[in-house]
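Every chain is numbered from 1, with letters handed out A, B, ... down the list of sequences.
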Amino acid sequence: MKIEVTNVTKRYADHLALNNVSLQVPEQSIYGLLGPNGAGKTTLIRILNQITGPDTGQVLIDGKPLSPQHVERIGYLPEERGLYKKMKVGEQAIYLAQLKGIEKPEATKRLKSWFDRFEIGDWWNKAVEELSKGMQQKVQFITTVIHEPDILIFDEPFSGFDPINANLLKESILELRDKGATILLSTHNMSSVEELCDSISLINKGEKILEGKVSDIKRQHHTSTHEIVVHAEDPQPIMALTDDFNLKIEDGDTQDTLKITFIGESPNTLLHKVMELGSLVSYHEILPSMNDIFIQEVQSKNRQS
Amino acid sequence: MNKIGLIIKREYFTRVKKRSFIIMTFLGPLLLAAVYIIPILLALHGDNEKRTIAVVDQSHWFERQFTNTENQTFVRLDDISIDSTKKLIQEGVYDIALFIPETQLNIPSSAMVYSMKQVPMSVEDHIRDVMKNEIQVQKLLASGVDPDILESIKTSINLSVIRMDEEGGEKETFTEVQFILGMILAILIYMFIMLFGGQVMQGVTEEKSSRIVEVIVSSVKPFQLMMGKIIGVSLVALTQFLMWVLLTGAIYIGFSAAVGISHPEAISAGTVMSQQISSSNIMDNEAVQNVLNIVHSIDFGTVIISFIVFFLLGYLLYATMFAAIGSIVENNTDSQQFTLPVTVPLIIAMLSAIYVVNDPDSSLAVWMSMIPFTSPVVMMVRIPFGIPIWQVVVSALILVGTFIGMTWVASKIYRTGILMYGKKLSYKEIFKWLKY
């Protein structure tokens, strides 16, 4: 399902949480919702979940205004999440599934298979308070996806997971997208954004400051920095190019290699010269990481205001 | 299944499965039954020990006054010294010795009782009564009053209070019983509202502090979650109440059958015994008959139904307020400053119940039973006295109206409060939420 947020504004007593924000989340994609703490991400997510309503603007799901009937089509894993401590794990998972409109026998069947996949099947009859934090997170993830929603909203899904389980989670998220879900991912973990997200938007102080496909954004933020690694037994001729091309040259990682950093629109001329003097090992353009883009965009915006 | 139904179901079953609920459910009637049954048991298998009591009266004032009773044989001993008296007790010739020392001019007003064992209260009381009576008689004689005159002025008034209605019907009323019943009902309703209202508050705070609430409100509306909890807990309260009524009845009937006595006897035995403890006056058959009349004069159907109605309405009103409080605090220790203003009206109602019970038709009583925050408690005090039905209906309707208004206010506070963390809240801030 496609999500369109149009001109949404939400004001609380003492501050403007969202200021005329519009977003387009394409169908069957993973969309990263990024921004510093207090940017308004949680408010936007709560509006999508109909926990709160916008002051102005609207949200369209497949072109239709967001309405209570969409609740069962959305799965939400909030950042501030927990479970009833005294309740048994299985019982609780069934209860949460029932609240999303799944009948008990069907919920039990689906839960059992998810529990096996996440290797927590033995914990079905244990009280939640006996579980480790990581296991509780698994249960929460399962209860979020159990009703096979078309829209999934994950707020910091990886917090509290070890690398192995974080990977399991990533695989599950990608699989859910491939099966057709539209996924909104809010996180500060930029490496997972690079790995998972198809497109992102960056929100700062209640305003959207950046939106687009991850690959496009990276391209737009390119700094014309190129890295060339070359094998040359005699480094001197190459070193001589430093001043002409304004290069930075270091020793490469392996013997008799040089790592050349070049800033400029086209590396073609340089590459020709270098190839005459040695054999090319690798060439690539250095694109900024999402982390760099995040910091750069937010800081420049804050400097302006 | 309907979502609010699911919430009610969860709230209900997690609570009734708790050990504390089960213990309370069974312990309550047992305690209540104990209050009834122990005096009856004592009366039936009470103090049957035979005692011989030596009376050494050196003053010679009381010699003739001690007459034998069923369990007590009094033996008059001629003048022997206090030491010989003690010796007789040590040797076990007598169980108890009463030693009244000689006096010069006045009637003695003190005496010693010696025994190797603890002297029963009833024996002490008996001795004291005999001596007191005799002293009074002697004093009257000394001032020239004939003891027969004294006897003739001892009068007991049997006052039958009859309440009439417009149709000319008459019904005898028993103020003491209505008094006690009214107070018991008021305490019970106060206890239930505080106890189960408190459970709602704790439940809300628990959901907030365990951070499950955001998951749930993405599936159901905050209002549904709040009402589901309030209704679920109210069903727990009703279950407890009905279990108490049933179990108390069952214990009572079971006990009566076990000791092989019919109800009136059991009641009278219990009453007689408790009367003896308090004043050592023994009730006669007329009194027993009175107790039965009183029990029959109370319309238990009306009392139970109005208890349920006023408990439910009062509980709903307070539970919505407690839910709102639960939503604005993050743990139960923070709730003090907010619970106080809510519980004050209930405490005022409890305090005024003492006045209301003395004059259930005074204007204070009528007003307090109409004001919605005090009416559940005060109305329950008045109902055993029999009050006009329109007052009950009006009071109930006012409660319903206030409950609806309070639900609106509470749900506004609740839906903002449950998602608000790490912020010290003032009343001013909370007031703003009403406008969201």
Side-chain angles (χ1 to χ4, degrees), chain A residues 10-14 17 42-43 45-53 55 68 70-88 91-104 107 127-129 136-137 139-141 143-144 146-147 149 151-153 155, chain B residues 1-15 17-21 202-225 228-229 232 330 412 414-423 425-426 428-436:
Chain A
K10 176 79 182 175
R11 179 181 287 281
Y12 288 114
D14 41 6
T42 304
T43 303
I45 288 172
R46 283 181 181 164
I47 289 171
L48 291 175
N49 279 298
Q50 300 175 70
I51 292 170
T52 186
D55 295 341
H70 287 117
V71 163
E72 289 177 3
R73 302 309 330 138
I74 300 178
Y76 174 37
L77 185 69
E79 183 178 10
E80 296 282 5
R81 53 186 178 255
L83 295 163
Y84 289 111
K85 290 191 178 62
K86 306 272 176 202
M87 227 175 153
K88 283 182 182 153
E91 203 184 333
Q92 177 152 214
I94 289 174
Y95 172 64
L96 293 172
Q98 282 179 306
L99 286 182
K100 284 290 187 186
I102 310 287
E103 295 296 329
K104 195 171 173 177
V128 168
E129 55 191 353
Q136 291 191 30
Q137 301 272 60
V139 176
Q140 285 157 351
F141 177 79
T143 57
T144 308
I146 194 67
H147 55 297
I151 294 171
L152 278 160
I153 300 171
D155 199 347
Chain B
M1 198 196 282
N2 183 354
K3 284 179 185 172
I4 198 161
L6 284 167
I7 295 166
I8 293 171
K9 209 173 117 193
R10 195 200 82 87
E11 295 294 338
Y12 181 79
F13 284 106
T14 53
R15 282 187 168 76
K17 278 193 271 179
K18 268 191 193 159
R19 206 175 302 142
S20 57
F21 176 84
Q202 271 175 20
V204 172
T205 310
E206 189 208 326
E207 277 170 356
K208 184 179 172 178
S209 62
S210 74
R211 306 286 200 264
I212 193 169
V213 70
E214 192 158 352
V215 176
I216 301 213
V217 295
S218 71
S219 302
V220 302
K221 290 206 168 64
F223 182 74
Q224 289 175 306
L225 179 59
K229 185 176 290 292
E330 275 177 58
K412 292 241 166 194
Y414 178 85
R415 67 175 195 201
T416 312
I418 46 172
L419 298 173
M420 196 73 81
Y421 296 108
K423 219 174 165 187
L425 293 168
S426 61
K428 202 177 138 201
E429 177 105 8
I430 293 160
F431 188 71
K432 277 190 206 154
W433 296 355
L434 298 182
K435 289 179 280 187
Y436 284 174

Within-4.5 Å side-chain heavy-atom neighbours: A:P68 and B:K221: yes
Give the member of A:D55, A:T144, A:I51, A:I153 that has the highest number of heavy-atom pairs under 4.5 Å with chain B. A:I51
Given heavy-atom pairs under 4.5 angstrom as the criterion, report whether the side chain, backbone, both or neither of A:E72 touches chain B. side chain
Hey, are B:E214 and A:R46 close enough for a salt bridge, meaning a charged N less than 4.0 Å from a carboxylate O? yes
Residues that A:Y76 engages under ring-ring contact (aromatic ring centres under 6.0 Å, His included), provided they are two or more places apart: none
What residue in B:L419, B:V215, B:I216 has the most heavy-atom pairs under 4.5 Å with chain A? B:L419
Using a 4.5 angstrom heavy-atom cutoff, name the option from A:L77, A:L99, A:V71 with the most pairs to chain B. A:L99
Side chain / backbone / both / neither for A:Y95 at chain B, heavy atoms under 4.5 Å: side chain
Okay, A:E91 and chain B: the region with an atom under 4.5 Å from a heavy atom over there is side chain
A:Q50 versus chain B, heavy atoms under 4.5 Å apart: side chain, backbone, both or neither? neither
Inter-residue atom distance A:K85.NZ - B:I212.CD1, 0.5 Å rounding: 9.5 Å
Heavy-atom pairs under 4.5 Å with chain A - which of B:P222, B:S209, B:S219 has more of them than the others? B:S219
Interatomic spacing from CD1 in A:I94 to CZ in B:R10 - rounded to 0.5 Å: 14.0 Å
What pair of heavy atoms forms the shortest contact from B:S218 to A:K100, and how long is it? O-NZ, 3.2 Å
Applying a strict 4.5 Å limit to non-hydrogen atoms, the region of A:Q136 in contact with chain B is neither
B:K208 versus chain A, heavy atoms under 4.5 Å apart: side chain, backbone, both or neither? neither
In Å, rounded to the nearest 0.5 Å, how long is the span from CD of A:Q98 to NZ of B:K9? 5.5 Å
